[in-house]
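Each remark here refers to the structure printed beneath this line.
Note that ligands are numbered from 1 as they come in the structure, with each ligand's atoms numbered from 1 the same way. Only heavy atoms go into these numbers, but all of them, side chains included; no hydrogens, no water, no symmetry mates. Counting begins at 1 with the first residue of the sequence.
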Amino acid sequence: MTENVTEWRLTMQYLLNERQARKVDDVTISKIGIPSMVLMERAALSVASAVEKYLRKTYASADKAMKKARIIAVCGSGNNGADAVAAARILHERGYAADVFVMRKTGSDEFNAQLGIAKASGVKIFNKVRLTEYNIIIDGLFGIGISRNIEGRYEQVVTQINASDAWVLSVDIPSGINASDGRIMGTAVKANKTVTFGCVKIGSVLYPGAEYSGKVKVEDIGFAGAALNAVRNKAFTYSVEDLERIPKRKAYSNKGTYGRVLVIAGSFSMGGAASLAALSAYRNGAGLVKVFTHENQRVAVQKNIPEAIVETYRDVETQEDLESRLKKELEWATCVIIGPGLAKTQIAVCMTRYILMNSSVTTIVDADALNIIAEDKELKNLLACRNTEEADFILTPHIGEMARLAGTSVASIQGRLIQTAVSFASRYKVICVLKDARTIVADSKKTVYINTSGNSGMATGGSGDVLTGVIAGMSVSGLNAYEAACMGVFLHGLGGDYAASRRGEHGMKAGDIIDGITNLMAAAQNRK
Ligand SMILES: NC(=O)C1=CN([C@@H]2O[C@H](COP(=O)(O)OP(=O)(O)OC[C@H]3O[C@@H](n4cnc5c(N)ncnc54)[C@H](O)[C@@H]3O)[C@@H](O)[C@H]2O)[C@@H](O)CC1
Ligand SMILES: [K+]
């Protein structure tokens, strides 16, 4: 069931930036001793096979594919270009009409060598070409080595590639996409497919690079395992198989076994957020959920979730009373959510401060609680000076909230998602879930998870409230706080994909994400 709801494009877990990908190349070549040309031959074979596979599928028969194909490899003068030259030569050897277009006649050692081999094999090599004459373009202008914006003649070529009707396969990463952050370096090739080597590059996962990459296929070209191990702080992502990491429920258990989630949420005029967070926690494995909300919301929450315990606060509560009640609730809880629909009243500020200072369990801080912290220097200090041995704090800002927390602009965070999440997590010693089309989860040790599930239909009211409940559910199910945050984000996205497959991205609403998760987890369990 789950295979149908998300198009799983990534088959390997690690995601590398430019520096890390280069290190894998270097260690494999210089320390292990596998020659660069051997790796390149395998890379080129995988590109050639991807082209052939596409042609055979498109033209239904191998003969017709051979007759119809007009292939051009568009090559820069680095090793990405060398890969493309070699791929064209392999296709030529297999009998296809495959030409090479070079921007320069000489380049890296491997490029020069590949050009020599291609010439000797009878491949036609041009330095001027009409791309409209071809129906397949192999894009080998730049790979991970792009170091400045694309301009001049290179820019014209990229424009021509993007204007052509041909099917475009990018080698390693679309030319013009920054491998480390997905930025467009002036302009970039829009690929139908990207064949990448060893590991997916972060630039093909983050936007806008993800949109330019088309379908991403990872090929094992024989990089040494030791080379991958030598790379530190590798980012990673989950795929459906990783759902196995969620601890199984014990046969011999009771509602106390699965933890007690305290949801401090809702205010005079906002109640829905509390219900969504609480329902989501229940649906994701919590044993008991208690909602601590404004008295106005009691009836609604009880009606929405009869299973929840409800405690309420009043606007006139004294600080002393409120704190003594929260003290009792904290003694009860094994996980806390604070923030959804909380508003920024004095009482909300008081509750946020108390939880920051006193929670000794995993605490998920969201929405208004984040805005309250952003506006209060003292609270920021409290957060930074917490005894981190005591409790893990998971902060779940979207980009706007992060801009307020970090005192910067939304624009400066976009394009620096990973750095922003990592530096915030390190500074405040928290787990930072920076929510965007590709949510990043970073901890203070610079571990980076990049989420690849989910869709634009999830940018809808209440989606964040649901996420807090999923993370809480994962936490009380037995995952440590960082894993709970990553798995929560992943599952939330999967639930969103399921919802979109039923309701459409346009029509889905936050509650559908909870139903989506419930359905897909049930289906996964039934399959066993
Ligand atoms: N043996 C290896 O090292 C392997 C390398 N591989 C391929 O090699 C690629 C990396 O190769 P390189 O490091 O040579 O880098 P690239 O081929 O990505 O590009 C580097 C070249 O482009 C030039 N350049 C950069 N930005 C430019 C711009 N904006 N305008 C004009 N010129 C620009 C540089 O001066 C350099 O000559 C990978 O992406 C992958 O495709 C693979 O074949 C796997 C094995
Ligand atoms: K490329």
Side-chain angles (χ1 to χ4, degrees), residues 16-48 50 73-88 90 101-115 137-158 161-162 168-180 183-204 209 212-214 216-224 227-228:
L16 303 185
N17 63 26
E18 182 260 336
R19 186 179 44 79
Q20 293 168 330
R22 219 172 260 297
K23 176 142 194 186
V24 172
D25 282 2
D26 289 349
V27 173
T28 304
I29 295 164
S30 350
K31 291 232 168 87
I32 307 289
I34 300 178
S36 177
M37 289 294 273
V38 171
L39 294 173
M40 197 165 271
E41 196 66 18
R42 292 206 190 116
L45 273 166
S46 68
V47 169
V74 178
C75 308
S77 44
N79 284 356
N80 193 254
D83 285 344
V85 174
I90 292 165
F101 166 50
V102 293
M103 300 296 292
R104 287 169 48 190
K105 286 185 183 150
T106 58
S108 69
D109 291 347
E110 287 87 341
F111 174 82
N112 297 339
Q114 292 295 356
L115 212 53
I137 295 175
I138 299 173
D139 155 38
L141 275 176
F142 306 110
I144 60 171
I146 189 153
S147 53
R148 55 188 185 275
N149 274 5
I150 295 180
E151 289 172 348
R153 226 159 61 83
Y154 288 93
E155 186 184 355
Q156 286 167 11
V157 172
V158 171
I161 294 175
N162 288 345
V168 180
L169 182 153
S170 284
V171 177
D172 210 18
I173 189 159
S175 300
I177 295 298
N178 183 306
S180 300
R183 256 180 317 139
I184 297 170
M185 308 287 284
T187 184
V189 169
K190 267 213 132 170
N192 297 91
K193 181 168 187 143
T194 296
V195 174
T196 194
F197 312 125
C199 290
V200 175
K201 310 303 174 291
I202 289 174
S204 275
Y212 278 67
S213 300
V216 180
K217 178 101 181 5
V218 195
E219 292 287 354
D220 175 3
I221 61 166
F223 288 120
L228 194 62

Is atom 17 (O) of ligand 1 less than 4.0 angstrom from at least one protein heavy atom?
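It does: a protein heavy atom is found less than 4.0 Å away from atom 17 (O) of ligand 1.
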
Specify the protein heavy atom at minimum distance from [atom]: its residue, its atom name, and the distance to 0.1 Å.
{"atom": "atom 1 (N) of ligand 1", "answer": "Ser36 OG, 2.6 Å"}
{"atom": "atom 38 (C) of ligand 1", "answer": "Asp172 OD2, 3.2 Å"}
{"atom": "atom 34 (C) of ligand 1", "answer": "Gly145 O, 4.6 Å"}
{"atom": "atom 30 (N) of ligand 1", "answer": "Phe142 CZ, 3.5 Å"}
{"atom": "atom 7 (C) of ligand 1", "answer": "Asp83 OD2, 3.2 Å"}
{"atom": "atom 45 (C) of ligand 1", "answer": "Leu39 CB, 3.9 Å"}
{"atom": "atom 14 (O) of ligand 1", "answer": "Asn79 N, 2.8 Å"}
{"atom": "atom 10 (C) of ligand 1", "answer": "Ile144 CG1, 3.8 Å"}

Verify, without hydrogens or angle tests, whether Thr28 (side chain) and Ala224 (backbone) share a donor-acceptor contact under 3.5 angstrom.
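Yes; judged by distance alone, with no hydrogens or angles, the pair exists.
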
Do side-chain atoms of Lys193 reach the backbone of Ala191 as a donor and acceptor pair under 3.5 angstrom?
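It does not hold such a pair.
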
Angle at the K ion (ligand 2): provide the value between O of Ile173 and O of Val171, rounding to 10 degrees.
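Reported to 10°, the angle equals 70°.
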
Tell me the angle that OG of Ser175 and OD1 of Asn80 form around the K ion (ligand 2), rounded to 10°.
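Approximately 100° at the metal, rounded to tens of degrees.
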
Only heavy atoms of [X], strictly under 4.0 Å: list the atoms of ligand 1 that pass.
{"X": "Ile221", "answer": "44 (C)"}
{"X": "Ser147", "answer": "25 (C), 26 (N)"}
{"X": "Gly143", "answer": "16 (P), 18 (O), 39 (O)"}
{"X": "Asn149", "answer": "29 (N)"}

Does ligand 1 have any atom sitting under 4.0 Å from a heavy atom of Arg22?
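It does; at least one heavy atom falls under 4.0 Å.
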
Can you tell me if Asp26 contacts ligand 1 (heavy atom of the residue under 4.0 Å from the ligand)?
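It does not, in that no heavy atom of Asp26 comes within the 4.0 Å cut-off of ligand 1.
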
Side chains of [X] and [Y]: does their closest heavy-atom pair fall under 4.5 Å?
{"X": "Glu41", "Y": "Ile90", "value": "yes"}
{"X": "Phe142", "Y": "Ile177", "value": "no"}
{"X": "Val189", "Y": "Asn162", "value": "yes"}
{"X": "Thr196", "Y": "Ile173", "value": "no"}

Could you see which bit of [X] sits under 4.0 Å from ligand 1, with heavy atoms only: side chain, backbone, both or neither?
{"X": "Met37", "result": "neither"}
{"X": "Ile146", "result": "both"}
{"X": "Asp25", "result": "side chain"}
{"X": "Ile29", "result": "side chain"}

N or O contact, [X] vs ligand 1, cut-off under 3.5 Å:
{"X": "Phe223", "result": "no"}
{"X": "Leu141", "result": "no"}
{"X": "Ser77", "result": "no"}

The K ion (ligand 2) to nearest N/O/S of [X] less than 3.4 Å:
{"X": "Leu141", "result": "no"}
{"X": "Ser170", "result": "no"}
{"X": "Asp172", "result": "no"}

Taking it one step at a time, do Val74 and Asp139 satisfy side chain to side chain contact (heavy atoms under 4.5 Å, CB included)?
CA-CA 5 Å; Val74 178; Asp139 155 38; 5.7 Å; no

Which pair of heavy atoms, one from Tyr154 and one from Arg104, lies closest together, and at what distance?
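Heavy atoms of Tyr154 and Arg104 come nearest at OH-CD, 3.9 Å.
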
Among Glu155, Met40, Arg148, which one puts a heavy atom closest to atom 29 (N) of ligand 1?
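It is Arg148 that holds the nearest heavy atom.
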
